[in-house]
Structures are given as C-alpha cells and as structure tokens.
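Excluded from the calculations below are hydrogen atoms, water molecules and symmetry mates; all remaining heavy atoms, backbone and side chain alike, are included. Computed from a prediction, not measured in an experiment: that's the story for all the values here. Position 1 is the first residue of the sequence, and the numbers go up from there.
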Amino acid sequence: MAVCEGLAKLNALAAPAAEGELLKCCGSTAWARALAAQRPFADVAELLHVADDVWWSLRAADWQEAFSSHPRIGEQAAARAQAAAAQAWSAEEQAGTQAAAQTIMEELAAANRTYAEKFGYIFIVCATGKTAAEMLTLLHARMPNDPDIELRNAAAEQGKITRLRLEKLLAA
C-alpha cells in the first residue's frame, strides 16, 4: 500500500515537529512523543493501529492531559492552549451545539460543571455528528458511572476524536 502524501510528510518531520503535529490530534505529550518515536509508518492503517496501542498504554494522568486540551462541550476555550488547527477542529466537531436552544446550552454548561466536580476532568465525547441535546443525554447517562469506568469511557471517546483528527491531519 502506498504512503499518502500527508503520512509521508509526517514521517519526514524532525521529532519535535512531528510531536507538535501529533499534539494537534491528541493533547497528551506522552502519546505524541511515543507515536513520533515509532515513525516511519508504512501506511495510514499502521499509524492508526500504533496510535491506538500507544493511547491505551498510557497512564490516567496522560489521558487527563489530553482531555484538558479540549474545550467543554458548548464552549470555545480549552483549559490548555491549543494549536489553531486543534481549535478549528474542536469548533467543527461541536457544530451540533451552534443551533441549540439556550435552555439546552445552559443545561449542558451546568451538567459539564457537575461532571468536572465529580470526576476531576471535563466531559469528553466524540461530538462529531451529535446535537447538543444528544451530548447532554450522553453526559447524563455517564454521570452515575464509577470513576474508573468513566475514565475508560472518556479515554475511549478521546480515542475516537484522535482517530478523526489524525485523518484530518493527514488530509491537510
């Protein structure tokens, strides 16, 4: 299988530059560093497989670092600085909140705060294609979870987001 142009560019970057590009996709420094170190990738499938393996090998603190690079659902700014591409991707992914009723957005903001107080990090969901009401329903459904189970749920959602963003990075 031929290497796509975006993957060829990623493979050719110096390690610090590759880490910077990968951080646009997932805000975990450990993930970006480990993935950059495993280049070159033969094809996109290999990149996605290794990215997933690296993600699930990380510690909870690394996952939470990634979570902090996202804005809360319905908000624009993340707790940590984001690259311009990551900010644009977040806005695109959360497009379902743009037409939401004010009451839904207020409920979402309140539920986001409650979730963060309970779990210690923001609610992470792969928002692509979801309405604000759907995300609010998912947030409420995950709120009763045990903290260990919820951390794995949030990590799984981050994994979905990362995969979509890697595909966007390679297409750019």
Side-chain angles (χ1 to χ4, degrees), residues 4 6-7 10 18-36 38 41 44-98 100 105 108-109 111-112 115-116 119-143 145 147-172:
C4 76
L7 182 58
L10 181 64
E19 290 173 23
E21 289 299 300
L22 292 168
L23 280 169
K24 294 175 185 177
C25 302
C26 176
S28 166
T29 306
W31 176 85
R33 187 173 297 126
L35 196 57
Q38 294 196 44
F41 298 104
V44 174
E46 180 187 9
L47 167 65
L48 296 174
H49 177 77
V50 173
D52 196 48
D53 284 351
V54 169
W55 176 247
W56 289 107
S57 74
L58 297 177
R59 301 171 301 125
D62 299 316
W63 292 348
Q64 291 176 0
E65 179 188 19
F67 303 163
S68 71
S69 69
H70 293 278
R72 288 182 177 175
I73 297 296
E75 295 181 8
Q76 299 297 315
R80 287 187 31 232
Q82 288 182 292
Q87 288 176 331
W89 291 339
S90 288
E92 185 181 292
E93 291 157 2
Q94 291 193 39
T97 63
Q98 293 173 358
M105 294 307 295
L108 196 50
N112 271 321
Y115 181 98
F119 295 110
Y121 51 87
I122 70 164
F123 174 68
I124 298 292
V125 66
C126 185
T128 301
K130 293 178 179 67
T131 67
E134 289 169 326
M135 289 183 268
L136 180 60
T137 298
L138 290 169
L139 195 159
H140 284 305
R142 286 173 42 193
M143 192 75 75
N145 286 339
D148 291 334
I149 291 171
E150 185 51 28
L151 181 62
R152 303 272 311 165
N153 287 337
E157 291 296 312
Q158 175 65 54
K160 293 176 193 175
I161 295 164
T162 299
R163 182 183 187 93
L164 290 172
R165 289 184 176 191
L166 281 168
E167 292 170 353
K168 290 174 186 179
L169 178 71
L170 296 179

Let me check something: any side-chain donor-acceptor pairs from residues 47-54 under 3.5 Å, sequence neighbours excluded? List them with distances.
| from | atom 1 | to | atom 2 | distance (Å) |
| --- | --- | --- | --- | --- |
| H49 | NE2 | D53 | OD2 | 3.0 |
| D52 | OD1 | W56 | NE1 | 3.2 |

Nearest 0.5 Å please: distance from the [atom1] atom of [X] over to the [atom2] atom of [Y].
X	Y	atom1	atom2	result
K168	L170	NZ	CG	12.5 Å
L35	F41	CG	CZ	4.0 Å
H70	I161	NE2	CD1	4.5 Å
N153	D148	CG	CG	11.0 Å
R165	T128	CZ	OG1	8.5 Å
T29	E65	OG1	CD	3.5 Å

Which heavy atom of [X] sits nearest a heavy atom of [Y], and at what distance?
X	Y	result
S69	A66	OG-O, 2.7 Å
S28	D62	CB-O, 3.5 Å
M105	A132	SD-CB, 4.1 Å
W55	A155	NE1-O, 3.0 Å
E21	K24	OE2-NZ, 2.9 Å
A116	R72	CB-NH2, 3.7 Å

- Query: Between L139 and V125, is a side chain to side chain contact (heavy atoms under 4.5 Å, CB included) present by the stated rule, with each step listed?
  - Reply: CA-CA 8 Å; L139 195 159; V125 66; over 6 Å; no

- Query: A36: what forms a side-chain contact (heavy atoms from CB on, under 4.5 Å) with it, not counting sequence neighbours?
  - Reply: A18, E19, L22, R39

- Qualifying salt bridge (Lys or Arg N to Asp or Glu O under 4.0 Å) pairs with a residue from residues 152-162, counting only residues at least two apart or across chains: E157-K160

- Task: Using the test salt bridge (Lys or Arg N to Asp or Glu O under 4.0 Å), find all partners of E46 that sit at least two apart in sequence or belong to another chain.
- Result: none

- Task: Establish, from distance only, whether the side-chain atoms of S68 and Q64 form a donor-acceptor pair under 3.5 Å.
- Result: no

- Query: What pairs with Y121 under ring-ring contact (aromatic ring centres under 6.0 Å, His included), at least two apart in sequence or on another chain?
  - Reply: F67, Y115

- Task: Any chance you could lay out the side chain to side chain contact (heavy atoms under 4.5 Å, CB included) test for F119 and I124, step after step, and finish with the verdict?
- Result: CA-CA 11 Å; F119 295 110; I124 298 292; over 6 Å; no

